[in-house]
Asker: 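Here it is, the structure in full.
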There are 2 protein chains.
Amino acid sequence: MIEAAATVFCREGFAGANIDLIAAEAGVSRQTVYNHHRDKESLLVAVVREITERCNARAFSVLATFPDHPHDLQADLTAFAVRLNRNCLCDRDGRFLRRLLQNEGERYPELFSDWRENGPARVWDALAARFARLAHAGWLEIDDPDAAARQFLALTSSDLQLPLIFGDRLSEDDLEQASARAVRMFLRAYARRN
Amino acid sequence: MIEAAATVFCREGFAGANIDLIAAEAGVSRQTVYNHHRDKESLLVAVVREITERCNARAFSVLATFPDHPHDLQADLTAFAVRLNRNCLCDRDGRFLRRLLQNEGERYPELFSDWRENGPARVWDALAARFARLAHAGWLEIDDPDAAARQFLALTSSDLQLPLIFGDRLSEDDLEQASARAVRMFLRAYARRN
DNA sequence: ATATTTTTAGACAGTGTTGTCTAAATCGTC
DNA sequence: GACGATTTAGACAACACTGTCTAAAAATAT
């Protein structure tokens, strides 16, 4: 039901979503929706909490697959970037979160204040720490790991944003290509000069 | 009036914006709004056309200030990035366009099909050509200028997205810092190796 | 099988919005 | 100042949505 609400909120926006649609999507009656959630707004809050938690969890589970001891740095980082794109940035939850942030972030900042502190900030920190470790191990030359982490993420998803916004279907190949381009550029900047 | 409609559509979203608000914002009566535009949707179309045109014009006017003959490449590119951020990415029109794309891009792709062809694509091409020229002149080493142009834009705006979404006030200093970071990284990757 | 809880369909009032209409007021132009 | 065009305020019907209510139905537990 949270699931259905997420789908509809994502598709229609908060103002555009109506409870009947959500109920239909969930396969329950409208009354049941009101039975579980006081009103539309508290339903939104529940949905946001659920989705942000799931996104965070997924992000950290992908972070755990970071190539700490790379065999082929370029290939390993690319595979990592692909996982990031597939499981965090390009999936339905990621799209939902981005869209909702864009829509309601300015109006209801408190809705996302929790996510803001525990989401991107923590992910950036964790990723920065990984890069710093790679630098320490001699794979990279990085002066500002925090900036590098943010840059890695920005590069990784940038080529996919536009198709994603227009609802184009992203092939596995697109993901690979975009990720490979990002990593190539990242390593050009930060790989140890020989 | 288009102006007022843009402001309200941007603030409230399409579904959330009501004509009375737009009329009030424009300082005219509701009837006058209907006098100039058939209905809410055609008003949106007019607004989108106006804003995309203005964004494009502004983008190309900033592109015209690209440092083709740089004195200090790093400083000149940074200044260029600042102009890009201030006049295209972080201004009200840029925010409006991003938000509207995120909201309605998937539902009404035809609304933006014109922008999609003549906006980002052309800007990327133009920027790529500039970078290619800089490479040819010996300033840069770039294998794929198109990718480099997209990466430059992604890096330039990435650190500003989140504050922008939450409506934080961006100081001139933030703009400078973010742009400088982006250019530093860009040049680490693509500056001619000595 | 019976009791208890939950769900359902439908009706309902209240509210907000859209788009139309009208008669008065305001404006620009001669 | 007079005339044609435009704008205005306000009323209006039509519609959609929210959130509540009820009595029947279904599911669950005992």
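Just so we're on the same page: letters track the sequence lines, and every chain starts at 1. Just so it is clear, the model here is predicted, and its values are computed rather than measured.
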Asker: Can a donor-acceptor pair be found between the side chains of B:Thr32 and B:Asn35 at a distance below 3.5 Å?
Answerer: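 No pair is found: no donor N or O on one side chain lies under 3.5 Å from an acceptor on the other.
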Asker: Using a heavy-atom cut-off of under 4.0 Å over every strand shown, decide if B:Ala17 touches base, sugar-phosphate, or nothing.
Answerer: sugar-phosphate
Asker: For B:Asn118 and B:Asn56, which I'm curious about, is there any donor-acceptor pair between the side chains at under 3.5 Å?
Answerer: no
Asker: Write down the distance between CD1 (A:Ile19) and P (C:dC12), rounded to a whole number of angstrom.
Answerer: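 Checked: the CD1 to P distance equals 22 Å.
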Asker: How long is the line joining CG of A:Asn18 and C1' of C:dT15, in whole Å?
Answerer: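 Computing the A:Asn18:CG to C:dT15:C1' distance gives 15 Å.
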Asker: Quickly work out the A:Asp20 CG to D:dC15 C1' distance and round it to whole Å.
Answerer: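 Taking CG of A:Asp20 and C1' of D:dC15, I get 14 Å after rounding.
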Asker: In residues 24-41 of chain B, which ones come under 4.0 Å of DNA chain C, going by heavy atoms?
Answerer: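 DNA chain C contact set from residues 24-41 of chain B: B:Arg30, B:Gln31, B:Tyr34, B:Asp39, B:Lys40.
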Asker: Does a side chain donor of either B:Thr78 or B:Arg184 reach within less than 3.5 Å of an acceptor in the other side chain?
Answerer: no
Asker: Can we call the ring centroids of A:Tyr190 and A:Phe186 under 6.0 Å apart?
Answerer: yes
Asker: Rounded to whole angstrom units, what separation is found between the CG atom of B:Leu43 and the P atom of C:dT17?
Answerer: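 So the CG-P distance, B:Leu43 to C:dT17, works out to 16 Å.
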Asker: Are B:Ser158 and A:Arg150 close enough that a side-chain donor and a side-chain acceptor fall under 3.5 Å?
Answerer: no
Asker: Would you check if the distance from the ring center of B:Phe9 to the ring center of B:Phe14 is below 6.0 Å?
Answerer: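 Yes: the rings meet the under 6.0 Å criterion.
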